[in-house]
Every structure is written in C-alpha cells, then in structure tokens.
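All ligand and atom numbering here is 1-based and tracks the order in the structure. The structure displayed is predicted, hence computed values, not measured ones.
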Amino acid sequence: MVGEVAVSGAKNAAVAIIPAVLLSDGICRIENVPAISDVNVIIKILYELGAYVKVIDNTTVEIDPTHINSHILSASMSSKMRASSYFIGAMLGRFKKAKVAPPGGCDFGVRPIDQHIKGFEALGATVTIDGGMVHAHASELVGSSIYLDKVSVGATVNIMLAAVKARGLTIIENAAREPHIVDLANFLNSMGANIMGAGTDVIKIRGVSSLHGTTYSVIPDQIEAGTYMLAAAITGGDLTITNVIPKHLESISAKLIECGAEVIEYDEAVRVIMNRRPKTCNVLTMPHPGFPTDMQPQMTTLLALSDGVSVMTEGVWDNRFKYVDQLTLMGAKIKVDGKVAIINGVERLSAAPVKATDLRAGAAMVLAGLAADGKTEIENVEFIDRGYDNIVEKLSAVGADIRRVTYIDPLTSRSAV
Ligand code: EPZ
C-alpha cells in the first residue's frame with residue numbers, strides 16, 4: 001500500500017473527556033472527536049442523563065450538561081464499554097454521589113476497579129457494591145494522597161474526575177502516563193481546573209469550586225496511528241500517516257525499525273517504508289512510555305511473518321492472546337503460554353474466515369488479511385468499529401482491497417468486512 005492516511009481523534013482520550021463535561025457549569029465544544037461507536041455510546045449516555053447535545057459535524061459536538069440531574073447509570077447504559085466507569089468519578093465530582101452498573105469492555109480476563117475505589121475512598125467517599133451496582137457517596141470530597149498499587153489508566157482518570165472539585169490538594173502517585181491522561185488534564189485545566197504533572201507518575205490536583213465551559217480539540221489517536229504504521233510494514237508498503245504526534249509513537253517506531261522498516265518523522269506525520277520481510281524482534285508491552293498493550297495483537301501479527309522466532313510478552317493484561325487461535329487458522333505458528341507468545345515466523349499467511357475477538361484483535365485480523373494470500377473474511381467487525389474511524393475507507397484510499405460485507409448471520413446477526 002502506498003499513500004497517506006489521516007489519523008482521527010484519540011478514542012481513549014475522547015471517552016474520558018466526554019464524561020468530564022459533566023463537571024462543567026457551561027457548554028463544552030469538543031473538536032476532533034473520532035466517529036466511532038464507543039464515542040457515540042458515551043455521548044448517548046450523557047444525552048440520556050439529560051444533557052443537551054448538538055452535533056456540529058462528524059468530528060465536533062457541543063454538550064450542555066447543566067440540566068443533568070441524574071446520578072444513576074443503568075446496566076443497559078454502562079455495560080457497553082469500559083469507559084462508562086468514568087461516570088462514577090464525574091458524578092462524584094458533580095453530585096457527590098453515583099450509582100453506576102459495573103462497566104463492560106474488551107475481555108482480557110479480570111478487569112477490577114479496586115484502585116478506582118481506593119482513590120474514591122481516600123477522597124472521603126463511601127463505596128459499596130450492591131445489587132450489581134457501584135454505589136458511591138460523600139458528604140464532602142477532601143484532597144488526599146493516593147498511591148496506585150498498579151499503574152491504571154482508568155483509576156488515574158477516575159480519581160482526577162473526582163478530585164478536581166474536592167477541597168484541597170490531591171496527589172496521585174504511580175499514576176498512568178498515557179497521552180490520553182495528559183489530554184484529559186489539559187481539557188480539565190481549560191475548564192479552570194488546577195492539575196499539574198499529568199504525563200509523569202505524580203499528578204497534583206488542587207481542588208477548585210467550579211469549572212466553566214470550554215472549547216477543546218482531542219489529540220490524535222496513538223493506537224490508530226500505530227495500526228496504520230504496521231499496515232505499511234506488513235504489506236511492504238510506503239505510508240505517510242498524518243495528523244499524529246510522533247513523540248506518542250516512539251516505542252512503535254523503535255520496534256518497526258528493529259524489524260527492518262524505515263521510519264521518517266515529520267512535525268505532525270510519520271512515514272513508514274518497508275522493503276523486506278520483517279526481521280524478528282522481542283516485545284514487552286508496558287504502561288506508557290513502554291510499548292502499548294493496545295498494539296500487541298497488531299505487532300504479533302507482523303512478527304508472525306518475520307524471518308525467525310520472536311517473543312511477545314504481555315505486561316499489562318492477564319489474557320490478551322485469544323486472537324492467536326484466529327491467526328493460526330491463517331497459518332501462523334504461535335505458541336501461547338500465559339502472558340508469553342513464542343512466534344515462529346512463516347513466509348506467508350493464507351486467507352481464512354476469521355473472527356474479531358475484541359477491538360485490537362479485530363484490527364490485527366485486518367492486518368493479517370492485508371498480507372494474506374486470498375480473500376479473508378472477518379466477522380464481528382462491530383468490535384473494530386468501536387475504535388477505528390472509517391477503517392475500510394482509509395485503507396481503500398491507499399490501495400487495500402477491502403470492503404464491508406453486510407450480511408446477517410442468522411445466529412448472531414453480526415456483520416463482516
Ligand atoms: C485502558 O483500560 C484502555 N481503555 C485500554 O484500551 C488499555 O488496554 C488499558 O487502559 C491499558 O493501557 C480505555 O482507556 C477506555 P488499566 P483500563 O486500568 O483503564 C489492572 C483499547 O483497546 N487494574 O490501565 O481498564 C488491570 O487489571 C482498550 O482501546 C487493577 O488491578 O486499564 C490491568 O492489569 C482495551 N485494578 C492493569 O491494571 C484497577 O482498579 C491496567 O489496567 C484497575 C486496573
């Protein structure tokens with residue numbers, strides 16, 4: 001594939017920023033919002049809570065949260081995604097109470113929220129789980145020091161949301177450092193919050209009495225960008241991925257260079273050129289600035305075609321190799337043992353009917369299909385649509401032979417690509 005692909009706004013920033021609008025006393029205009037189903041769901045949740053939502057265009061939305069008067073999120077609203085847990089922190093910050101059904105999200109094994117709860121309790125909230133709902137309430141939220149036992153994006157986000165209007169200073173130690181944490185902090189500060197240190201492992205939040213409306217543009221999606229970088233590598237192509245922040249892609253660029261790709265960085269773009277079979281390399285996924293776990297399935301797929309044996313170690317999730325069975329159907333030779341996959345590179349993958357087992361696994365199936373001989377059909381593409389804005393159109397525009405096939409599977413009524 002040859003050409004240019006423009007990256008959309010970051011899913012994991014947008015799904016944290018939109019619940020944060022709940023904390024505002026005025027209208028918030030959010031720009032560069034990705035057109036993906038997770039964002040549509042989270043906007044719909046705010047609308048169903050009573051917000052006035054005005055869609056300006058397919059990447060800009062104006063939200064007036066001032067009429068929201070509900071602190072309850074039902075299972076039907078909360079179970080669709082992981083980010084719905086952010087409404088606990090946002091509702092605590094606004095109403096000092098929240099009643100939220102446990103979140104959904106990709107299945108990588110256990111996805112606890114004990115660190116979220118640890119943070120809420122440190123701020124003075126009482127949190128109980130009863131009847132399948134998380135109940136949180138506080139007479140007053142008071143700043144505190146919180147050490148996260150595990151680096152957690154979600155806990156860092158949720159504690160920030162609960163702390164921005166708490167009385168006094170909150171310090172989050174061992175905080176997540178992902179780009180979307182920084183983006184949320186910048187968004188909250190544009191509303192009048194006082195947050196320092198986002199992007200480091202110590203975040204300081206001085207509570208303020210109110211937050212005003214704002215206009216804010218979401219950062220580019222690090223993982224969407226990385227996925228298209230690997231699309232260039234796996235097809236032996238030459239792609240320029242635009243609307244990116246190269247600094248966010250450093251670990252991905254480094255691994256691609258190890259695999260024999262040429263990576264050229266510009267101010268707001270990266271160009272990936274691959275003229276050879278990928279070389280082997282070993283990868284360990286870690287919290288930012290390590291190699292992102294959300295790039296693990298895509299990288300494993302590239303290494304499945306490498307010229308030797310590679311080791312992929314999943315350093316964040318307990319069970320994030322479910323998609324390997326699907327790659328095996330296409331001829332990959334990968335042995336999984338717990339958090340480690342031994343990848344024995346093969347010359348070619350062969351097309352097969354495969355399933356997206358979750359969002360990033362689905363993206364990996366697309367990459368495998370782009371490289372394989374023959375026509376690969378991927379089922380359950382709604383997983384991919386959760387996090388990739390117009391993936392079929394973007395890849396077609398640079399030469400991929402990919403199209404969305406809408407047929408109704410009598411058993412699951414799912415669609416395929
Ligand atoms: C966010 O999930 C992302 N989702 C995930 O991306 C991403 O894989 C993950 O961060 C890691 O980067 C969103 O931002 C919406 P964590 P989150 O809390 O917040 C353990 C995608 O593809 N943990 O950082 O749920 C947890 O079990 C999605 O876009 C606790 O033990 O992840 C895991 O082992 C998939 N207790 C580790 O920490 C807690 O209270 C990291 O989880 C919270 C987490």
Side-chain angles (χ1 to χ4, degrees), residues 8-20 34 36-39 41-42 45 78 80-89 102-122 127 129 134 146-162 172 174-184 201 218-219 221-227 248 251 285-299 313-320 322-323 338-339 356-364 383-389:
S8 301
K11 166 178 95 79
N12 291 343
V15 298
I17 284 168
I18 291 164
I36 56 175
S37 57
D38 269 15
V39 165
V41 167
I42 210 119
I45 289 175
S78 169
K80 293 186 176 68
M81 55 193 299
R82 178 76 179 171
S84 47
S85 66
Y86 297 156
F87 282 99
I88 307 172
C106 298
D107 177 8
F108 310 135
V110 181
R111 292 188 77 174
I113 59 166
D114 59 299
Q115 297 301 302
H116 303 229
I117 292 170
K118 174 179 180 179
F120 299 147
E121 289 175 340
V127 184
I129 298 181
V134 178
I146 300 149
Y147 178 83
L148 292 179
D149 302 323
K150 272 192 99 166
V151 176
S152 163
V153 168
T156 304
V157 167
N158 242 337
I159 295 165
M160 284 168 71
L161 296 176
I172 307 173
N174 201 23
R177 300 162 59 184
E178 274 68 8
H180 29 288
I181 298 290
V182 178
D183 212 28
L184 173 65
D201 60 354
V218 175
I219 53 168
D221 194 309
Q222 167 200 39
I223 306 302
E224 184 193 14
T227 304
H248 292 169
S251 62
T285 70
M286 287 297 280
H288 193 78
F291 189 87
T293 176
D294 294 343
M295 285 296 301
Q296 184 258 83
Q298 302 92 309
M299 190 68 192
T313 306
E314 172 55 52
V316 175
W317 296 105
D318 295 334
N319 179 9
R320 193 170 194 168
K322 286 185 181 156
Y323 65 92
K339 292 188 163 191
T357 52
D358 64 59
L359 161 55
R360 306 302 173 183
F383 278 122
I384 304 172
D385 293 332
R386 286 188 52 199
Y388 288 88
D389 179 347

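Asp221 places no side-chain N or O within donor-acceptor distance of the main-chain N or O of Ser8, the cut-off being under 3.5 Å. Here the side chain of Thr285 pairs a donor or acceptor atom with the backbone of Gly315 at under 3.5 angstrom. Side-chain atoms of Asp201 do not come within 3.5 Å of backbone N or O of Asn174 as any donor-acceptor pair.
Ligand 1 lies nowhere less than 4.0 angstrom from a heavy atom belonging to Glu314. Within the 4.0 Å heavy-atom cutoff, Asp149 does not count among the residues contacting ligand 1.
Here the side chains of His116 and Ile88 are not in contact, with every heavy-atom distance at 4.5 Å or above. Within the 4.5 Å cutoff, side-chain heavy atoms of Val153 are placed close to those of His180.
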* Step-by-step side-chain hydrogen bond (donor to acceptor under 3.5 Å, both in side chains) determination, Thr227 to Gln298 -> CA-CA 7 Å; Thr227 304; Gln298 302 92 309; 3.2 Å; yes
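Ligand 1 places these atoms under 4.0 Å from at least one heavy atom of Gln115: 36 (N), 39 (C), 40 (O). Less than 4.0 angstrom separates some heavy atom of Thr293 from each of these atoms of ligand 1: 8 (O), 11 (C), 12 (O). Under a 4.0 Å criterion applied to the non-hydrogen atoms of His116, ligand 1 contributes the atoms 40 (O). Close approach of ligand 1 to Gly154 (heavy-atom distance below 4.0 Å) involves ligand atoms 18 (O), 19 (O).
In His288, neither the side chain nor the backbone holds a heavy atom less than 4.0 Å from any atom of ligand 1. No part of Met286 comes within 4.0 Å of ligand 1, judged by heavy-atom distances. Contact annotation: for Val153 versus ligand 1, heavy atoms closer than 4.0 Å belong to both the backbone and the side chain. Residue contacts with ligand 1 for Asp114 involve both N, CA, C or O and side-chain atoms from C-beta outward (heavy atoms, distance under 4.0 Å). At a heavy-atom distance under 4.0 Å, atoms from both the backbone and the side chain of Pro112 approach ligand 1. By the criterion of a heavy-atom distance under 4.0 Å, the side chain of Arg360, and not its backbone, is placed next to ligand 1. Heavy atoms from both the backbone and the side chain of Val316 come within less than 4.0 Å of ligand 1.
If you check the side chains of Tyr147 and Gln115, you find no donor sitting under 3.5 Å from an acceptor.
For Ser152, a nitrogen or oxygen atom sits less than 3.5 Å from a nitrogen or oxygen atom of ligand 1, counting backbone and side chain alike. Considering backbone and side-chain atoms alike, His180 places every N or O at 3.5 Å or more from each N or O of ligand 1.
With atom 32 (O) of ligand 1 as the reference point, the heavy atom nearest to it among Tyr86, Trp317, Phe383 is part of Trp317.
Not counting sequence neighbours, Glu178 has no partner by the salt bridge (charged side-chain N to carboxylate O under 4.0 Å, His left out) test.
For the side chain to side chain donor-acceptor pair (under 3.5 Å) test with Tyr388, the passing option among Glu224, Arg360, Lys11 is Arg360; the others fail.
Under the 4.0 Å criterion applied to side-chain N and carboxylate O atoms, Arg386 and Asp358 are not assigned as salt-bridge partners.
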